[in-house]
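Okay, structure first, notes after.
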Amino acid sequence: MSLEEAISIYVQDGDLVGIGGLSFWRKPISACREIIRQNKKDLTVCTFVGGIEVDMLIGGGCVSHVKSCFVGMEIFGMAPHYRKAVESGSIKISEESEASIALGLKCSYLKVPFMPLKGIIGTDFPKVRDDIKQFEDPLGSGTQLMALPKIDLDVAILHVPYADEYGNGNIAGAVWLDDDMAKTAKKTIITCEKLVELEDIVHSPGKAQLPMQTTSAVVKIPFGAHPTSCYPIYTFDPNHIQRYLKTEFEQYKQNFILNKSNVQYLDAAGGAQTILNILL
Amino acid sequence: MSLEEAISIYVQDGDLVGIGGLSFWRKPISACREIIRQNKKDLTVCTFVGGIEVDMLIGGGCVSHVKSCFVGMEIFGMAPHYRKAVESGSIKISEESEASIALGLKCSYLKVPFMPLKGIIGTDFPKVRDDIKQFEDPLGSGTQLMALPKIDLDVAILHVPYADEYGNGNIAGAVWLDDDMAKTAKKTIITCEKLVELEDIVHSPGKAQLPMQTTSAVVKIPFGAHPTSCYPIYTFDPNHIQRYLKTEFEQYKQNFILNKSNVQYLDAAGGAQTILNILL
Amino acid sequence: MTEYSNDFTVDEILTVLMAREVRNDDVMIVGVATPMVWAAFTLAKVTHAPGAIYHYIMGNTFVNEPRQVSLLYLEMNTARAYRFQNSGECTLESLPSEKLTTIEWFRPAQIDMYGNTNNICIGDWNNPKLRFPGCAGIADFSMFYSRGSFLYTPRHDTRTFVPKIDFISGVGFPDGKSSICGGSGPQCVVTNLAYLTFDDNPKRMKIGTIHPGIDLETVKNSTGFELIIPDDVKETKLPTEKELKILREKVDPLGIRKLEVLAGKEREVLLNEIIKKELAMENRFPKLII
Amino acid sequence: MTEYSNDFTVDEILTVLMAREVRNDDVMIVGVATPMVWAAFTLAKVTHAPGAIYHYIMGNTFVNEPRQVSLLYLEMNTARAYRFQNSGECTLESLPSEKLTTIEWFRPAQIDMYGNTNNICIGDWNNPKLRFPGCAGIADFSMFYSRGSFLYTPRHDTRTFVPKIDFISGVGFPDGKSSICGGSGPQCVVTNLAYLTFDDNPKRMKIGTIHPGIDLETVKNSTGFELIIPDDVKETKLPTEKELKILREKVDPLGIRKLEVLAGKEREVLLNEIIKKELAMENRFPKLII
């Protein structure tokens with residue numbers, strides 16, 4: 001299946017979209033560019049720690065709502081479109097913590113509508129989240145707890161170094177919440193650096209952290225996480241991130257997104273020199 | 001540290017003792033024999049699926065309370081001392097399910113007094129467990145849930161194939177709840193087949209599932225899980241299990257437990273022939 | 001043309017009927033110490049459901065490859081050749097996902113007409129006449145499965161099929177109403193006498209088919225409550241020659257599944273024989289070549 | 001004899017003071033994009049706290065080996081040479097255990113006299129004047145740590161130290177009372193001007209020591225609320241020659257920590273220089289040889 005087909009079939013306007021990776025690390029950016037090309041609208045984006053992918057999707061006008069505990073550009077500064085959208089009130093924020101996202105996904109496994117946490121109490125989160133609630137331990141210890149709601153993703157979009165044709169995905173570095181997203185989302189799109197044999201997955205450490213039983217589509221896109229990293233193949237591209245921050249979004253879209261195949265994108269982003277720069 | 005010292009220092013009468021492994025697989029039996037030799041009393045034993053180890057400890061008079069979802073001898077039948085003790089009312093049972101144990105341990109990570117489950121509702125568990133309680137989703141969905149209490153182990157006793165001198169433990173096969181027990185118990189005793197280098201642990205799949213930060217003692221005991229298994233080194237010993245079932249416990253204790261070093265025990269259990277039988 | 005056979009034992013018809021419930025896209029949940037279930041799943045996998053995947057509870061692993069049923073080396077099956085391992089929550093994770101269709105067989109010590117089951121004790125819980133090992137995970141998830149739960153017993157008698165069970169450790173259709181928690185509830189009970197299903201409204205046990213050579217009266221007299229009896233009670237479709245041959249020669253040549261059916265001396269003799277044979281095996285993890 | 005040095009920059013005294021808080025049995029929690037914290041932990045590890053272990057939030061891994069601070073290759077540090085990886089719950093797991101003493105540094109955008117912190121926004125949340133990236137996990141666990149939480153900011157001014165923060169995303173000592181959830185609460189705030197601690201009853205910010213060359217009035221005027229001032233305000237103990245040498249030459253020779261202190265053009269120049277140097281490195285994961 002092509003990326004175009006995968007996004008077209010499995011991502012619908014208004015979906016709650018889970019995005020894998022963390023910050024500048026292993027983000028499914030090629031899929032995000034495709035979402036922008038297809039002009040998807042009104043998405044709610046949920047990610048553990050968001051970076052350039054959330055910012056791009058907002059810049060592209062695809063997002064109406066963000067569920068994340070952090071959206072920024074690491075040491076490079078703020079995420080400009082995210083910041084502008086929040087400050088102007090053009091997108092809604094669901095203020096999350098790390099635990100509220102991790103536990104929200106865990107709810108799906110247990111089929112429970114909420115999970116309890118001792119944290120968050122005492123913060124201003126309850127003032128801006130009418131879907132979380134402080135309550136008392138039903139077992140009578142008197143402990144005050146925060147109830148955090150289930151997060152039911154419509155679709156998870158994940159980039160991994162290795163996958164097989166059946167939809168088994170293997171992640172060499174940190175998994176973050178990718179496995180929980182894959183296993184609980186209604187549909188899962190995996191983009192991968194390399195299509196390998198089932199046997200390769202079985203013999204890789206971690207094996208199929210993303211099991212084929214829950215995968216809807218696998219698409220091979222080398223450097224599909226650029227300008228973010230994909231361990232153990234390449235690190236993030238600081239030059240491109242700086243370029244992104246210095247380019248007006250419509251211009252960036254012209255240069256790097258619209259009508260760009262993967263190879264055209266990579267050439268626009270510096271071709272062989274860029275690839276050699278980031279390879280580990 | 002010797003096994004004698006480890007059990008003497010870290011297991012106290014009345015403790016809530018977590019035992020690793022499952023059924024006939026990777027149970028810390030040498031440690032259980034030492035507990036019987038030291039005549040520990042009034043222990044509450046918590047294990048995921050119990051087998052001969054729980055039965056022996058009950059036979060040895062060490063146990064007043066069992067928290068498990070299953071105690072049996074697999075295809076070999078019932079656990080005789082467990083059954084007799086329950087039927088005669090000489091030990092207390094905390095009727096558990098798989099989830100109630102797994103989630104009870106998880107509570108420790110989150111520092112919450114309970115975890116919610118949608119299961120167990122409709123069963124007779126609440127009639128015999130006054131520490132679990134049905135309650136309604138505090139977020140208002142109307143969902144009925146069961147609140148399962150935290151399990152705070154005093155000491156976890158785990159047998160693994162590989163550990164290093166710092167207390168990092170590596171398990172080659174299934175981990176079951178050993179990692180959660182190790183990480184949440186106040187003290188953790190690891191017995192291992194082989195003492196290896198830290199580097200060996202780092203390069204083994206799964207690395208240090210039992211991290212040194214939470215280990216209190218490491219003791220090398222080859223075949224320390226016999227007559228249960230320790231993958232990938234040996235499987236369980238069906239002949240010894242049959243012998244156990246056919247021998248009156250006081251006699252078994254004389255033959256295999258009292259005043260028996262590890263090598264004396266192994267010789268009594270059939271020596272080289274037994275070892276060759278079970279080696280994988 | 002399919003050849004049916006009349007030459008089978010109780011363990012064989014049970015195993016074959018259990019195998020037939022498996023669908024090609026199922027995840028087959030293999031418990032500990034249930035060789036008949038394992039044999040049934042493997043038979044299904046090598047006959048009509050090649051796409052089905054094992055989920056070994058024991059290792060918490062998804063495994064694709066079928067291997068010969070074993071008494072001593074279950075752990076090797078689950079620890080080798082797996083593709084995916086769940087985390088410490090074990091059965092809590094992934095299995096009850098709506099994405100996966102799972103099939104799991106439970107063997108109750110007692111069952112009532114609504115499919116409620118008991119694996120805890122006979123008599124009062126506080127003072128039991130007989131304590132069973134326990135219900136493991138049955139209380140947690142059996143009511144979630146979208147495909148429902150599947151029951152079997154080789155002991156179809158009035159001690160197993162009782163009007164009122166002594167302890168509900170697995171929830172069926174409470175008072176004949178739909179399963180709670182959104183699952184489909186008990187689907188069938190495969191026994192040594194019959195294939196039982198559940199009527200729709202109320203959800204009550206009824207006779208599906210009766211095994212060859214068994215008469216209706218025997219089934220009725222062996223059941224401690226009233227079964228719904230259809231107007232036209234059919235006979236259970238016989239095992240095929242092929243099913244029996246593969247089961248006997250390939251899937252479980254040591255006959256380990258029979259341990260779930262036999263009792264007393266007969267059982268002990270078989271057990272000793274299996275142990276002896278398995279300990280003598282050079283290759284302890286033989287490939288299954290069909 | 002220890003040689004103290006007066007020749008240091010703001011980033012250096014901050015890093016050294018942060019390093020000094022680490023104990024030999026700590027687990028040091030390294031976040032994402034906090035090179036000054038990473039530098040401080042590595043400095044501690046190679047000087048007075050060799051037993052301390054990194055916990056890289058990014059990979060959710062425990063790592064024993066110190067390596068040179070990096071902008072581009074943090075992931076390699078966390079993904080290689082680790083001994084233990086938590087499960088998907090990430091920071092939820094293991095860290096808050098009572099068995100482990102953890103040390104984590106947070107950098108608040110706003111802080112009040114009780115150590116409550118804000119990393120969310122300036123102004124009303126519904127209509128913010130300035131939106132920050134967010135608080136990540138601060139809201140979850142900072143109040144659990146038995147060793148308390150540790151704060152730093154290179155921007156000691158009245159925009160950071162305010163009478164009332166706009167959004168509480170990290171809980172300090174509510175109204176001067178003990179930390180909730182059983183943790184020890186904020187322990188100190190290391191700034192470019194001073195080392196601040198918290199008085200006992202009520203729990204309110206007080207001056208610990210003032211950095212060399214800074215006078216008390218500057219500290220007071222740079223703080224938007226009243227600090228408790230001890231009778232005898234001492235000067236901060238200077239960095240040692242050894243600390244500075246190791247920090248500059250070994251731990252962070254590229255000066256990546258300085259990105260947390262600099263602004264504007266100066267910062268951009270340094271950033272470009274670091275990127276250029278790191279991209280040119282042959283060995284992208286150099287060993288740290290002290």
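Since we're looking at a predicted model, the values are computed, not measured. Below, chains carry the letters A, B, ... as their sequence lines are ordered, and counting in each starts from 1.
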Could you tell me which of A:V112, A:L139, A:D137 has the largest number of non-hydrogen atom pairs under 4.5 Å with chain B? A:L139

Sort B:P116 into side chain, backbone, both or neither according to what part of it lies under 4.5 angstrom from a heavy atom of chain A.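 The answer is both parts of B:P116.
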
Measuring heavy-atom distances to chain A, does B:F114 have an atom under 4.5 Å in its side chain, in its backbone, in both, or in neither?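 Both backbone and side chain.
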
Sort A:P149 into side chain, backbone, both or neither according to what part of it lies under 4.5 angstrom from a heavy atom of chain B. both

Taking atom types as modelled and ignoring hydrogens, do the side chains of B:K27 and B:T47 form a donor-acceptor contact shorter than 3.5 angstrom? yes

Side chain proximity check, B:L158 to B:T191, heavy atoms < 4.5 angstrom: no

Short question: side chain of A:S229, backbone of A:F236 - any donor-acceptor pair under 3.5 Å?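 Looks like no, no N/O pair under 3.5 Å.
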
Quick test of your reading of the model: are B:E96 and B:R129 salt-bridged, counting only N-O distances below 4.0 Å? yes

